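A quick note: this is a predicted structure, and the numbers were derived from the prediction, not measured. Reckoned from all heavy atoms, side chains included, excluding hydrogens, waters and symmetry mates. Just so it is clear: chains get the letters A, B, ... in the order the sequence lines come, proteins before strands, and each one is counted from 1.
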Amino acid sequence: MLELQLYNSLTRKKELFVPLDSDHVRIYACGPTVYSYAHIGNARMAVVFDLLSRMLRKIYPKVTYVSNITDVDDKIIEASQKTGEPIKTITEKYTRIYNEDMSALGVNLPDIQSKATEHIGEMIVLIEALIKRGHAYESDGHVLFNVPSFPAYGGLSGRSRDEQIAGARVEIASYKKDPADFVLWKPSSDNEPGWNSPWDVNNGRGRPGWHIECSAMAEKHLGLPFDIHGGGVDLKFPHHENEIAQSCCAHGELNDLASFSKYWVHNGFLTVNGEKMSKSLGNFLLVHDLIKQIPGEALRLTLLSAHYRQPLDWSEDKVSQSKRMLDRFYHRLNQMNDMVSEKTDVPDAVYSALLDDLNTPKAIAALNSLLKTQNSPELKGQLLAAGELLGLLQEKPKEWLGYETNIDIDVDIALIETLLQERKKARSNKDFVRSDEIRDELLTQGIEIEDTKDGAKWRKVN
RNA sequence: GGCACGGUGGCAGAGAGGCUAUGCAACGGAUUGCAACUCCGUGUACACCGGUUCGACUCCGGUCCGUGCCUCCA
């Protein structure tokens, strides 16, 4: 197989990916709301779509990957009221931290990281088009999308309008014509962020509803239709469903759900020790914290260790497995340090696994199988090429394995050398008690001794 | 309640109508003063019940169990 297959949530089938324009592939993925640190579930989305964009770039000459930053949202307002920090301070801070944290996971910045607050004008244009075409209406200071005006509504998530009303556990606001209607624009009070709009009430200020930003930004930066729209499965309904409704209806495409995005890709949910992350359980794992304890690359490999559409249960055990696996790879790379790697393509087994709907577990298995062959410039080239595509194995082996410690000098190299000398002497005198004492002492400091043919070496562990 | 997705060896996790997944752990061996590191080798699986088939863990139906969505959520 030489072509990319992707599971398309819209058709519920694995399909051959055929770009709308093979000279320019366009992809959009829903990014974070910046009011706090990103958790490991956010990271899964970022890593999955980072990998997808890497694959697309390998295949096609030009790829534009857009991912948004939601910087206007009720949760941000709440955070601001709680901490007293201005909204802009909060959103800028967490955008910066998000990008730093994702970078630690080997995630490249998207080509365009669009911010909601910079696209209010485009949102207003879209909402006006919806009103004009009879898909939206003003009510009590709000502008709402009228779901019954779009008979195809629900096509992505596969639930009819009746079904969701039947199951709805929310109170239905009185200003809605239909219980399924959702907000496009809402009024802002004086202490909430707001922009002038054609639907001014309450001193003339309002702010967008959640869904409209993605419709507006995807259209602006990618044009319609574009190739791939992605995000977590939990966004399928209602967020993505609503995006489709807004974008299709604004352009009169009532019968073609794919007139917005041709393919829809959803990554599975992440649980922690079998449970959903939630504030009440206190099991929110923040990337910001994890990267202090574990190399980002081990986290990335853990996220890629299950297929992207499968649920992934996060556990320390899984992370340490990933770390061990990387140790093995780096060990082999270290053995080949002096070899000039041969320039090679990504090995077929790895590449074809990824072409098959990003089957990363299979790709990783193939990568492991490469280790069965002997060290050679070719092997080194293959490992590095496959690693580059996956966003792995790009560190210096000596540093990864701890043979070279960079700046973090909680290690007294002179002392270690002295102790190693003493141990050498003790061993030659068969004073194994002292020799083992030194070994244990160094180990408590995180220094592991390796006895080799060329004498003792040491490396920093953990 | 509705919709959807799963149940694979000790654990994680792919796959496939008949052909070794892979990793971690475990065990055996090499190496070592003993270890660690490293290397070599080994084992165990496909929830349950029917059906289709020459043959199913893989296809179909049912049962049981688990998870997610239906409300903010990656």
Asker: Using a 4.0 Å heavy-atom cut-off across all strands, classify A:G231 as base, sugar-phosphate, or nothing.
Answerer: sugar-phosphate
Asker: Could you work out the separation of B:G62 and B:C24 based on their C1' atoms and round it to a whole Å?
Answerer: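 One C1' to the other, the span is 37 Å.
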Asker: Within the distance-only criterion (no hydrogens, no angle test), does the side chain of A:D50 pair as donor or acceptor with the backbone N or O of A:A46 below 3.5 angstrom?
Answerer: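 A pair under 3.5 Å: no.
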Asker: CE of A:M102 versus C1' of B:A74: gap in Å, rounded?
Answerer: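 Atom-to-atom, A:M102 to B:A74, this comes out as 10 Å.
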Asker: Enumerate the residue pairs fulfilling salt bridge (Lys or Arg N to Asp or Glu O under 4.0 Å) with a member in residues 303-315 of chain A, sequence neighbours excluded, ordered by first and then second residue.
Answerer: A:R309-A:D357
Asker: For nucleotides 26-41 of chain B, read 5' to 3', which letter fits each nucleotide if B means a protein heavy atom sits under 4.0 Å from the base, S means only the sugar-phosphate is that close, and - means neither?
Answerer: -------BBBBSS---
Asker: Tell me whether A:D140 is salt-bridged to A:K176, with the criterion being a basic N under 4.0 Å from an acidic carboxylate O.
Answerer: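 Here A:D140 does not pair with A:K176 in a salt bridge, since their nearest N and O are not under 4.0 Å apart.
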Asker: Is any side-chain N of the basic residue among A:D338 and A:K380 closer than 4.0 Å to the acidic one's carboxylate O?
Answerer: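 Looking at A:D338 and A:K380, the cut-off is not met.
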Asker: From NE2 of A:H240 over to C1' of B:A74, roughly how many Å is that when rounded to an integer?
Answerer: 9 Å
Asker: Between residues 374-396 of chain A and RNA chain B, which residues have a heavy-atom gap below 4.0 Å?
Answerer: none
Asker: Polar pairs (N or O, both sides) under 3.5 Å between protein and nucleotides 57-59 of chain B?
Answerer:
none

Asker: Please determine whether a side-chain nitrogen or oxygen atom of A:K318 lies at a distance below 4.0 Å from atom OP1 or OP2 of B:G13.
Answerer: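 Indeed, a polar side-chain atom of A:K318 lies that close.
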Asker: Please report the distance, rounded to the nearest Å, between CG in A:D234 and C1' in B:U67.
Answerer: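 Going from A:D234 (CG) to B:U67 (C1'), I get 14 Å.
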Asker: What pairs with A:E437 under salt bridge (charged side-chain N to carboxylate O under 4.0 Å, His left out), at least two apart in sequence or on another chain?
Answerer: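 By the salt bridge (charged side-chain N to carboxylate O under 4.0 Å, His left out) rule, A:E437 matches A:R434.
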Asker: Is it true that, when you exclude A:K430 itself, more than 12 heavy atoms of the residues, nucleotides or ligands shown sit nearer than 6.0 Å to its NZ?
Answerer: no
Asker: Of the residues in residues 294-311 of chain A, which ones touch RNA chain B at a heavy-atom distance under 4.0 Å?
Answerer: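 Under 4.0 Å from RNA chain B: A:S305, A:A306, A:H307, A:Q310.
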Asker: Please report the distance, rounded to the nearest Å, between CG in A:D313 and P in B:G68.
Answerer: 10 Å
Asker: Of all residues at least two apart in sequence or in a different chain, which pass the side chain to side chain donor-acceptor pair (under 3.5 Å) check with A:D101?
Answerer: A:H288
Asker: Considering only atom C1', compute the distance from B:G13 to B:C57 and round it to an integer number of Å.
Answerer: 16 Å
Asker: Counting side-chain heavy atoms from C-beta on, which of B:C24, B:A74, B:G13 comes nearest to A:L270?
Answerer: B:A74
Asker: What's the CZ-C1' distance between A:R12 and B:A4, to the nearest Å?
Answerer: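 To the nearest whole Å, that distance equals 9 Å.
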Asker: Listed by chain and number, what are the side-chain contact (heavy atoms from CB on, under 4.5 Å) partners of A:E378, not counting sequence neighbours?
Answerer: A:E342, A:T344, A:S376, A:Q382
Asker: Any base atoms under 4.0 Å from A:K75, or only sugar-phosphate, or nothing? Heavy atoms, all strands.
Answerer: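 Sugar-phosphate: the residue A:K75, judged by heavy atoms under 4.0 Å, touches backbone atoms but no base.
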Asker: Check the phosphate of B:A21 against A:N368, side-chain N and O only, distance under 4.0 Å to OP1 or OP2. Yes or no?
Answerer: no
Asker: Please report, rounded to the nearest Å, how far the P atom of B:G23 is from the CD atom of A:Q321.
Answerer: 11 Å
Asker: For A:R427, give me all partners under side chain to side chain donor-acceptor pair (under 3.5 Å), at least two apart in sequence or on another chain.
Answerer: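 For A:R427, the residues satisfying side chain to side chain donor-acceptor pair (under 3.5 Å) (neighbours in sequence not counted) are A:D451.
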Asker: Restricting to salt bridge (charged side-chain N to carboxylate O under 4.0 Å, His left out), what partner residues turn up for A:E448, sequence neighbours left out?
Answerer: A:R459
Asker: Whole angstrom is fine here: how far is it from NZ in A:K13 over to C1' in B:A4?
Answerer: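 About 17 Å, once rounded to whole Å.
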Asker: Does any part of the side chain of A:S114, heavy atoms only, come nearer than 4.5 Å to the side chain of A:I69, both counted from C-beta?
Answerer: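 A:I69 vs A:S114: side chains apart.
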Asker: Taking atom C1' in both B:G43 and B:C60, what distance in whole Å separates the two?
Answerer: 34 Å
Asker: How far, in whole Å, is B:A12 from B:C72 if one measures between their C1' atoms?
Answerer: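 It works out to 31 Å between them.
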Asker: Suppose you measure atom P in B:A16 against the same atom in B:C11; what distance do you get, rounded to whole Å?
Answerer: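 Comparing P positions in B:A16 and B:C11 gives a spacing of 23 Å.
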Asker: With P as the reference atom in both, quote the distance from B:G41 to B:G23 in angstrom, rounded to an integer.
Answerer: 11 Å
Asker: In whole angstrom, give the distance that lies between atom CD1 of A:I69 and atom C1' of B:A74.
Answerer: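 Computing the A:I69:CD1 to B:A74:C1' distance gives 13 Å.
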Asker: Assess whether atom CG of A:D348 is packed by more than 12 heavy atoms of other residues, nucleotides or ligands within 6.0 Å.
Answerer: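 Atom CG in A:D348 is not packed in, count stays at 12 or less.
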Asker: Considering heavy-atom distances to RNA chain B, does A:Y7 or A:A366 have its closest nucleotide positioned more toward the 5' end?
Answerer: A:Y7
Asker: Looking only at the side chain of A:S369 (C-beta and beyond, no hydrogens), which of the listed nucleotides B:G23, B:U22, B:A74 gets closest?
Answerer: B:U22
Asker: For side chain to side chain contact (heavy atoms under 4.5 Å, CB included), just list the numbers for A:H119 and A:H221, CA-CA rounded to whole Å, side-chain angles, deciding distance to a tenth of an Å, and then say yes or no.
Answerer: CA-CA 11 Å; A:H119 296 79; A:H221 296 292; 2.9 Å; yes
Asker: Can you tell me if A:E241 uses its side chain to pair, donor with acceptor, with the backbone of A:L156 under 3.5 Å?
Answerer: yes
Asker: Would you name the heavy atoms of A:F226 and A:Y28 that are closest together and state the gap between them?
Answerer: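 For A:F226 and A:Y28, the tightest heavy-atom pair comes out as CE1-CB, 3.8 Å.
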Asker: So, using salt bridge (charged side-chain N to carboxylate O under 4.0 Å, His left out) as the criterion, who are the partners of A:D317 when residues are at least two apart?
Answerer: none
Asker: Which helical stems does RNA chain B take part in, if a stem means at least 3 consecutive Watson-Crick or G-U pairs with both distances below 3.5 Å?
Answerer: B:1-7 with B:64-70, B:10-12 with B:22-24, B:26-30 with B:38-42, B:47-51 with B:59-63
Asker: Is it true that A:E100 and A:R96 have a side-chain N and a carboxylate O under 4.0 angstrom from each other?
Answerer: yes
Asker: Please report the shortest heavy-atom distance between A:D178 and A:P148, naming the atom on each side.
Answerer: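 Minimum heavy-atom contact is OD2-CG, 3.2 Å.
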Asker: If the P atom of B:U53 is compared with that of B:A45, how far apart are they to the nearest Å?
Answerer: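 28 Å, rounded to whole Å.
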Asker: How far, in whole Å, is B:U20 from B:G2 if one measures between their P atoms?
Answerer: 43 Å
